[in-house]
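Inspection log for the structure reproduced underneath, given as structure tokens.
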Amino acid sequence: MRKVLFSAPRVLARRLSTATATGSTITTAIGPLPVTHSANIVNTLDWPKWPVFRVMEPSGKIVEGVPEPQISEEEALKMYQMMVRIQNLDDIFYNAQRQGRISFYMQANGEEAIHIGSAAALSPNDMVFAQYREQGVLLWRGFTLQQTADQCFSNESDRGKGRQMPVHYGSRALNYQTISSPLATQIPQAVGAAYAKKLLKEDSISICYFGEGAASEGDFHAALNFASTLDVPMVFFCRNNGYAISTPVADQFRGDGIASRAAGYGMHAIRVDGNDLFAVKAATEAARKLALEKSVPVLIEAMSYRQGHHSTSDDSTRYRSSEEIKMWQDEQDPVDRFRKYMESKGWWNAEQDAALRDKERSAVLHAMETAEQKAKPALPLMFVDVYNEKPHHIVKQEQELLEHISKYPDQYADHH
């Protein structure tokens, strides 16, 4: 299967057959190139589209002719449980923001298979650079619901000490770099981490997640160019979910998605059905193996759909129809697809499903209520950690804040 995953696409074969019509070459600064005597300006939009790798149909059946995935009942149940956990976490914390209990939240509805399929294919030593919609990857690695809730409430148990927006998770222990709000900044950083792994000869890779909207940022192009020329062991994982906030893909770019860009950087690539957990897992396993063995970057484009709003600051019904959303929920939902597969194997039924969802919902509610009762981080923590020793301007800012609070004590009765 892995040979099929990364075989040369028909696009490449067509380019070569057209360009080498004369059978001669010309010497250039980048090496010998084929010669043509026709001033043929190529319309690249006529080239065949990149195919989408799929293992499992929306019905939950394995595609005819494709080998049955090698997965145990235990592993399948764990993967399904994690996807249900993501759904409950997103539902409860989205509503918590609407109730004013937290300031912000971002859901991952419709992208659960991307999280769990890719996370299950990685090594714990692989460094993850996420965007802001990959909470499932961190949960799979062992981040608890309580740690998740503590971060969203910015309380005293938050490992970020209350200095980040909600959903900006991070864990040194789990090799998950802290989320950064500015779009695409993590992409070149992931390349640097992969280059360090190469120099240190580590038996691991870095993986960077981002949306197709982030692929319009300059950081994306610089990162792919550095990764390719430096031959670093890493995976670029693009979630093409149809929208960059309110901008549909038709208004973002004219080319064939994101996978087609790999050719410009001399990079391996694959396009996968992001709603197919088995396909995502197989593609990520193959990409990781290639990246590690050959010390090369690989680009994965996972085709999915963002079923929810971009964030709690967004109302997606202003730019897309309710019918469109419902169609994806009813016909292409990744969690439903995997549930149907497990039911077909005799591993799952409606009664077990209801019990699991009740259990996960209760666990999320408990974590949220516990986090909500905890105190906020101590005020001095605002001014530590960036520098080994506080420079003058930071000392001055801290002093000015304490003087301000001292001047208006009634307005800051709860500070500590």
Side-chain angles (χ1 to χ4, degrees), residues 5-9 11-12 15-16 19 27-34 42 44-45 47 49-50 118 122 126-132 134 177 179-202 204-240 244 247 249 252-272 283-284 286-303:
L5 288 178
F6 294 98
S7 60
V11 174
L12 179 57
R15 291 175 191 168
L16 293 175
T27 301
T28 74
I30 62 173
L33 294 176
V42 177
T44 59
L45 294 178
W47 285 346
K49 302 292 186 183
W50 275 74
S118 63
L122 299 174
D126 295 336
M127 185 63 72
V128 175
F129 290 79
Q131 191 162 317
Y132 41 54
E134 286 83 28
Q177 294 284 336
I179 306 302
S180 177
S181 291
L183 199 62
T185 55
Q186 79 277 14
I187 309 179
Q189 294 167 1
V191 177
Y195 189 45
K197 287 179 176 294
K198 176 181 179 178
L199 295 178
L200 295 171
K201 295 181 172 55
E202 295 184 2
S204 59
I205 67 166
S206 73
I207 181 168
C208 183
Y209 295 87
F210 53 93
E212 88 288 341
S216 295
E217 293 284 339
D219 278 346
F220 167 83
H221 299 282
L224 265 68
N225 197 47
F226 271 117
S228 184
T229 56
L230 294 172
D231 290 323
V232 301
M234 74 165 293
V235 172
F236 294 96
F237 199 111
C238 176
R239 298 175 288 96
N240 190 336
T247 306
V249 290
Q252 292 183 52
F253 45 76
R254 283 291 176 270
D256 180 20
I258 307 304
S260 64
R261 301 182 189 181
Y265 297 105
M267 189 178 297
H268 293 78
I270 183 172
R271 175 178 280 168
V272 62
T284 308
R288 182 186 185 277
K289 184 175 186 294
L290 180 62
L292 193 58
E293 291 183 353
K294 302 295 184 182
S295 190
V296 294
V298 180
L299 173 62
I300 298 175
E301 181 182 16
M303 311 306 292

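Throughout, residue positions are numbered sequentially from 1 according to the sequence presented. Fair warning: this is a prediction, and the values are worked out from it, not measured in the lab.
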Not counting sequence neighbours, which residues clear side chain to side chain contact (heavy atoms under 4.5 Å, CB included) with [X]? List them please.
X	result
Thr28	Ile26, Ile30, Leu33
Ala262	Met267, Ala269, Leu299
Tyr132	Met106, Ile179, Leu183, His310

Grab the two heavy atoms, one from [X] and one from [Y], that are nearest each other, plus how far apart they are.
X	Y	answer
Thr185	Ser180	OG1-OG, 3.5 Å
Ala223	Val191	O-CG2, 3.4 Å
Gln252	Ala244	NE2-N, 3.3 Å
Arg288	Leu122	CD-CA, 4.2 Å
Ala215	Phe210	CB-CE1, 4.4 Å
Ile258	Cys238	CG1-SG, 3.7 Å

Identify, with sequence neighbours excluded, every residue that meets side-chain hydrogen bond (donor to acceptor under 3.5 Å, both in side chains) alongside [X].
X	result
Ser181	His168
Asp219	none
Arg239	Glu111, Glu134

So which pairs with a foot in residues 220-238 pass side-chain hydrogen bond (donor to acceptor under 3.5 Å, both in side chains), sequence neighbours left out?
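Matches after skipping sequence neighbours: His221-Tyr265.
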May I have all residue pairs that pass side-chain hydrogen bond (donor to acceptor under 3.5 Å, both in side chains) and include part of residues 189-199, sequence neighbours excluded?
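Found Lys197-Glu202, Lys197-Ser204.
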Would you check if there is a donor-acceptor pair between the side chains of Gln186 and Gln177 at a distance under 3.5 Å?
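Judged by distance alone, the side chains do not pair up.
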Partners of Phe129 by ring pair (Phe, Tyr, Trp, His ring centres under 6.0 Å), sequence neighbours excluded?
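Checked Phe129 against ring pair (Phe, Tyr, Trp, His ring centres under 6.0 Å); zero matches.
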Tell me, please, which residues at least two apart from Phe237 pass ring pair (Phe, Tyr, Trp, His ring centres under 6.0 Å).
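Expected list: Tyr209.
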Tell me, with the steps shown, if Phe226 and Val232 meet side chain to side chain contact (heavy atoms under 4.5 Å, CB included).
CA-CA 9 Å; Phe226 271 117; Val232 301; over 6 Å; no
On the six-membered ring of Phe236, is Arg261 placed so that its NZ or CZ lies under 6.0 angstrom from the centre and within 45° of the ring axis?
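So Arg261 doesn't make the cation-pi contact.
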Rounded distance [0.5 Å steps], CE in Met303 versus CG in Asn240:
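Interatomic distance, Met303 CE to Asn240 CG, rounded to 0.5 Å: 4.0 Å.
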Ile207 backbone acceptor or donor facing Asp126 side chain under 3.5 Å
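Side chain of Asp126 to backbone of Ile207: no pair is present.
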Tell me the salt bridge (charged side-chain N to carboxylate O under 4.0 Å, His left out) pairs involving residues 291-302, sequence neighbours left out?
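Qualifying pairs, neighbours excluded: Arg271-Glu301, Lys289-Glu293.
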